[in-house]
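Here the structure is a predicted model, which means the values were calculated and not measured.
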Amino acid sequence: MDFSKPELLNLLFLTTVLLLVFYIYYIWQKDIVENKFNKDTFLKINPNYSSAIKIVHFILKLTALVFLIIALSGPRMGVELKKVNREGVDVVFALDASKSMLVEDIAPNRLLKSIQVLSKTIDEMVSDRVGIIVYAGQAYPLMPLSFDYSMAKLLIKTINTNLVNIQGTDLSSALMLSDSFFDNNERSKIIFLISDGEDHEGNYQQLNTVLSDKKTIVCAINIGTESGGPIPIKSQSDISYKKDKNGNVVISKANAKALETVAANYNGAFIKSNQTNDMVDFIFQNINTLDKTSTEEEMFSDYEDQFQWFLGFALFFILLDLILTHKRINFIRYVIKK
């Protein structure tokens, strides 16, 4: 089973908030009833009061909400599996996740702008396999090559500078990990490096020996401004800025030299831009220059919606809650007391 709108499943996190709010309310109300009122007098005024019944009502409402959220997410099951030919190339995006990418010299910051570029690019992809890595002083895989664009969009939303513990910007590590993703020698291969180009480690002029296949193209996107800006360090209380050993605020400036050299070594193109559309156009212009290869993929070509089941369960629990609210069934209170 999968979901046509999996992003709506994030609403399930609301149940945790509701549980916390109800718990606080329940403790507050219980304290008032037990400590502010005479128990016998209170029961004469409100003979149907039961804290246990309130818990039952809350559980029924919360269960109904969970089923409604699942129904809205569009659960479905594949009912027909067939092989589909896709003509495309293999694309790996290597995104710089070092602390300097938090600089806000472009809005909202370098990292979030890069994520916007990735998201918009994936929206427009049709038949290319896409893989994603993040790197700083070391590279880490985020998603192997796949046609699953929905999963790719979900994963790029999780990217932040805390994903990579080792700081710096090691291009050789990023290129080697990207190279390891390619598993089909017949398909055209292209890597897109997205970085501010600052603080690169090693001799980037010798990186032309890193990749195993000389036909692999490496293109580079340099993001950020030459004037740069301070690197924010956010805490729960305030925002400070990274300083050097002399106590001076560090200014991070975009550096195009390393990225431009690497792209040239691998017959790729280079762009320096802070405009989302320009970067997306650059990516597709370079993809479209490559030879497309047909790949056979097994996939569900037809789906059957299953939302009605979850909607039915939600309505059942809503009706049950209404019955308990208006009828005040006495045997339920008896069972609870037992």
* Side chains of Thr121 and Phe93: does their closest heavy-atom pair fall under 4.5 Å? -> yes
Side chains of Leu145 and Phe182, heavy atoms from C-beta outward: is any pair under 4.5 Å? yes
| said: Can you tell whether the side chains of Asp90 and Arg129 come within less than 4.0 Å, N to carboxylate O? | reply: yes
Hits for salt bridge (Lys or Arg N to Asp or Glu O under 4.0 Å) against Asp291, two or more places apart or cross-chain, chain-then-number order -> none
Whether Phe317 and Phe67 hold their rings parallel, tilted or perpendicular, with breakpoints at 30° and 60° | parallel
Here the side chain to side chain donor-acceptor pair (under 3.5 Å) pairs for residues 108-118, sequence neighbours left out, are Asp105-Arg110, Arg110-Asp196, Arg110-Ser252, Lys113-Thr276
Single-linkage hydrophobic cluster [X]~[Y], side-chain heavy atoms < 4.5 angstrom:
X: Met101; Y: Val250; answer: no
X: Phe22; Y: Ile69; answer: yes
X: Leu259; Y: Val92; answer: yes

message: For the residue pair Lys120 / Asn277, report whether a side-chain donor-acceptor contact shorter than 3.5 Å exists.
response: yes
For this session: Would you please test Asp123 and Lys153 for salt bridge (charged side-chain N to carboxylate O under 4.0 Å, His left out) and show each step?
Result: CA-CA 8 Å; Asp123 281 339; Lys153 291 206 59 177; 2.7 Å; yes
>> Using a 3.5 Å distance criterion without hydrogens, assess whether the side chain of Asn185 forms a donor-acceptor pair with backbone atoms of Asp183.
In response: no
